[in-house]
Amino acid sequence: MKRGARVAFMGAALFLAACQSIVPKGPAPTAPTAPTRPTTPEVVQGLPTDTARHRVALLVPMSGANAGVGQSIANATTLALLDTKTDKVRITTYDTALGAAAAVNKALADGNRLILGPLLAEDARVVGPIAARANVPVISFSNDSSVAGNGVYIMGYNPNQSIERVVDFAKSKGLSQFGALVPRGTYGERAGNAMLRAVEQAGGTVVSMQTFDRSAGSIAAAVKALQASSSYDALLIADSGRVALQVAPILRKNGGGSARLLGTELWNAEPSLASNPALRGAWFASVSDGLYRQLVAKYRARYGSAPFRLSSLGYDAVLLTVRIAQQWNAGAPFPAARLRDAGGFSGIDGAFRFTRTGVAERALEVSEVGAGNFTVIDPAPRSFGE
């Protein structure tokens, strides 16, 4: 680990560019006695010529089922541009809900040299190869590590890292016998594998791991099998906070009353966990919410509503872009090597850096579920030098 994470901000005013110029309408002119030069501006198709700023594309869903998340991310990128007061970067949004391939092809045709997004892993699989042929890097908001590489970087919150962080913390507190409840499906499979690796690296033992399909009967059967197989002093519920609210009371009633419950980064988005006594004392690892709460206040003031939690990814992607733009000549290819800075970057979600595989490694904090709130019991490192 080398230099600490940092973000540099740039001065000057923000300019918003339209996608095309429009000839203004007015009263019909009287017939001239001699030819005159036109006084109306010329219609320009596509993005206007702008050689002073970096063209960056934002690929997110702006319609369809995920439009709310996409709009929230887009709004957060606008806030980041305003906050940094940069005049070096122009961001144009393209709707992936109309087709990821169409969106990226239009973005490349418009001359964008960096792509922020897309949100979904399946869209990133489409966008990545197309952008790679144009030598344009992609910084996706997905958390699916399988789409990273070959010019695609992912910024999403990786469950593997949160599991490793909370397991390491639990082991440091003397817990060594681990159990796990994981949902069937891709997320559960990856979480289960991450749990096995994390416990092995920490020097503990996984005594039982059971799967379930999120139905009440399946959850009860998994808990029963867990209790019958062996004892444990720490138990990972590798699912959302909503599922944890269903699982925890069943666990407490079936012999798991003394075990320390552990969660993933998904719990950070479920504040109602703190109202359930069965989850009192549970630990989970996630990005810090300290600066995010400031972003929420600023977002509410400007847009009149609360953002989706993933909005911070858009904000931080702009901070990263603005920082690199200091050594990026307008019109030149994006200096992708700068993304692999060992010192990393810093933003709303704290310190992060991209590994050689293109996955964002994040500095995470550990929180404890209390009576009505979450309390940070092990803060995230402020940089990768700590």
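Excluded from the calculations below are hydrogen atoms, water molecules and symmetry mates; all remaining heavy atoms, backbone and side chain alike, are included.
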Using a strict cut-off of less than 4.0 Å between a Lys/Arg side-chain nitrogen and an Asp/Glu carboxylate oxygen, indicate whether Asp289 and Arg309 qualify as a salt bridge.
yes

Examine the side chains of Gln227 and Tyr232 and answer whether a donor and an acceptor come within less than 3.5 Å of each other.
yes

Quick one about Arg125 and Ser146 (side-chain donor to acceptor, distance below 3.5 Å, no hydrogens or angles considered), yes or no?
yes

For a side-chain hydrogen bond (donor to acceptor under 3.5 Å, both in side chains) check, start with the C-alpha distance between Glu265 and Ser162, then their side-chain angles and the critical distance, and finish with the verdict.
CA-CA 6 Å; Glu265 83 294 343; Ser162 71; 2.9 Å; yes

Take Asn193 and Glu189 through the side-chain hydrogen bond (donor to acceptor under 3.5 Å, both in side chains) test and state the conclusion after the steps.
CA-CA 6 Å; Asn193 290 334; Glu189 181 180 344; 4.6 Å; no

Is the Phe374-Phe284 ring centre distance short of 6.0 angstrom?
yes

Please walk me through it: do Thr86 and Thr84 pass side-chain hydrogen bond (donor to acceptor under 3.5 Å, both in side chains)?
CA-CA 5 Å; Thr86 182; Thr84 58; 5.1 Å; no

For Arg242, look at atom CZ and say whether over 12 heavy atoms of other residues, nucleotides or ligands are found less than 6.0 Å away.
no

Without swapping roles, check the side chain of Trp328 against the backbone of Pro333 for a donor-acceptor pair under 3.5 Å.
yes

Ignoring hydrogens and geometry beyond distance, is a side-chain donor-acceptor pair present between Asn160 and Glu164 at under 3.5 Å?
no

side-chain hydrogen bond (donor to acceptor under 3.5 Å, both in side chains) between Tyr157 and Asp349, worked out:
CA-CA 10 Å; Tyr157 314 125; Asp349 288 329; 2.7 Å; yes

Strictly by modelled atom types, are Thr357 and Thr355 linked by a side-chain donor-acceptor pair under 3.5 Å?
yes

